[in-house]
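Have a look at the structure below, then the notes.
Computed from a predicted structure; not experimentally measured.
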Amino acid sequence: MKILKYLFIGIAFLTISFSSAQVSVNVNIGTPPAWGPVGYTDVRYYYLPDLEMYYDINASNYIYISNGKWIRAKYLPRNYRNYDLYNEYKVVLTDYRGNSPYDNYRTHKEKYGKGYKGKPQKTIGQKPGKGNNKEHKNNGNGNNGNGKGHGNGKH
């Protein structure tokens with residue numbers, strides 16, 4: 001009877017341990033934006049040097065300073081609404097796991113100043129309006145019909 005009791009406790013313990021391990025694996029997974037850099041699936045934050053702000057992938061929001069306070073918002077501040085995030089360089093914060101990336105703001109601002117460019121980045125998605133054949137028609141001559149290029153279209 002004692003053996004069955006210990007066997008039951010052991011199986012219960014293993015079942016609980018296994019199920020909790022599965023739950024913790026999926027806790028911090030967010031969907032990166034289309035303008036995010038390719039190759040980083042396990043990060044939470046980008047630092048945007050030209051805008052001096054952060055992007056939180058899990059919460060899908062921007063984190064920026066306004067009137068001395070850090071703000072989290074779904075959209076860029078009004079003065080940056082037309083900013084092209086596809087061409088903006090993104091510093092991927094691979095070594096930070098907390099909830100307040102701005103605790104390192106001074107370091108990030110100094111190390112990655114405005115205009116910072118690291119290794120070339122390719123974005124996850126395509127910039128809207130590019131390559132969808134709705135805005136840019138190609139007449140087969142490789143130069144968008146202006147007759148001046150040396151395209152690789154039909155001769």
Side-chain angles (χ1 to χ4, degrees), residues 16-155:
I16 291 169
S17 297
F18 181 70
S19 65
S20 66
Q22 286 182 339
V23 172
S24 65
V25 169
N26 295 323
V27 172
N28 289 325
I29 297 176
T31 303
W35 50 262
V38 169
Y40 301 97
T41 56
D42 60 344
V43 297
R44 180 170 176 188
Y45 298 103
Y46 303 141
Y47 176 66
L48 308 172
D50 287 350
L51 305 178
E52 297 182 334
M53 68 175 65
Y54 298 90
Y55 183 78
D56 182 342
I57 296 167
N58 289 357
S60 299
N61 63 29
Y62 301 91
I63 306 169
Y64 57 91
I65 197 162
S66 178
N67 296 324
K69 292 184 179 181
W70 287 97
I71 307 293
R72 290 178 177 264
K74 287 282 182 197
Y75 302 102
L76 285 169
R78 185 175 304 277
N79 52 329
Y80 292 122
R81 291 273 162 90
N82 293 324
Y83 199 84
D84 184 2
L85 291 167
Y86 285 86
N87 290 327
E88 161 81 12
Y89 191 83
K90 281 72 69 177
V91 175
V92 181
L93 302 180
T94 57
D95 58 349
Y96 183 76
R97 298 284 183 240
N99 292 320
S100 308
Y102 46 82
D103 288 346
N104 300 315
Y105 177 65
R106 286 186 178 161
T107 303
H108 293 148
K109 187 176 176 179
E110 187 177 303
K111 188 173 182 180
Y112 312 110
K114 286 188 178 187
Y116 175 82
K117 300 285 186 221
K119 295 177 184 175
Q121 293 177 328
K122 183 176 180 182
T123 58
I124 294 167
Q126 195 172 36
K127 185 175 177 179
K130 296 287 184 185
N132 60 12
N133 292 329
K134 292 180 182 176
E135 293 184 27
H136 301 287
K137 291 184 179 178
N138 187 334
N139 296 326
N141 60 5
N143 60 17
N144 291 331
N146 66 14
K148 296 179 183 174
H150 299 286
N152 51 4
K154 298 175 186 173
H155 295 285

How far apart are the closest heavy atoms of Ile57 and Val43, and which atoms are they?
CD1-O, 3.7 Å
Got Pro33 and Leu85 here, is their nearest side-chain heavy-atom distance under 4.5 Å?
no
Does the side chain of Tyr116 reach to within under 4.5 Å of the side chain of Lys111, using non-hydrogen atoms?
no
Looking at OH of Tyr102 and CD1 of Ile63, how far apart are the two atoms once the value is rounded to the nearest 0.5 Å?
7.0 Å
Flag if over 12 foreign heavy atoms under 6.0 Å of CG, Asn82
no
Answer whether the closest heavy-atom distance between the side chains of Pro37 and Tyr89 falls below 4.5 Å.
no
So, for Pro49 and Gly113, which heavy atoms are closest and what is the spacing to 0.1 Å?
CB-O, 3.6 Å
Would you compute the distance between atom CG of Leu48 and atom OH of Tyr62 and round it to the nearest 0.5 angstrom?
7.5 Å
With sequence neighbours excluded, residues passing side chain to side chain donor-acceptor pair (under 3.5 Å) with Tyr54:
His108
Trp70 side chain near Ser100 side chain, heavy-atom distance below 4.5 Å
no
Short side-chain to backbone donor-acceptor contact, Lys127 and Ala34, under 3.5 Å
no
Residue Arg81 excluded, over 12 heavy atoms near CZ under 6.0 Å:
yes
Keeping Asp56 on the side-chain end and Tyr45 on the backbone end, is there a donor-acceptor pair under 3.5 Å?
no
What are the two closest heavy atoms between Pro77 and Met53, and how far apart are they?
CD-CE, 3.8 Å
Closest heavy-atom contact between Ala73 and Asn61?
O-CB, 3.0 Å
Looking only at heavy atoms, which two atoms of Asn87 and Lys117 are closest? And how far apart?
O-NZ, 4.0 Å
So for atom NZ, which belongs to Lys114, do other residues, nucleotides or ligands contribute more than 12 heavy atoms lying within a distance under 6.0 Å?
no
Judged by atom type as modelled, is there a donor-acceptor pair below 3.5 Å linking the side chain of Lys90 to the main-chain atoms of Glu88?
yes
If I compare all heavy atoms of Arg72 with all of Pro101, which pair ends up nearest, and what's the gap?
NH2-CD, 4.5 Å
Please determine which of Tyr64, Trp35, Tyr47, Tyr80 meets the ring pair (Phe, Tyr, Trp, His ring centres under 6.0 Å) test together with Tyr55.
Trp35
Within a 6.0 Å radius of atom OH on Tyr40, are there more than 12 heavy atoms belonging to other residues, nucleotides or ligands?
no
For residues Asn104 and Leu93, determine if any side-chain heavy atom of one lies less than 4.5 Å from a side-chain heavy atom of the other.
no
Hey, what do you get for CG (Asp50) to CG (Asp84), rounding to the nearest 0.5 Å?
11.0 Å
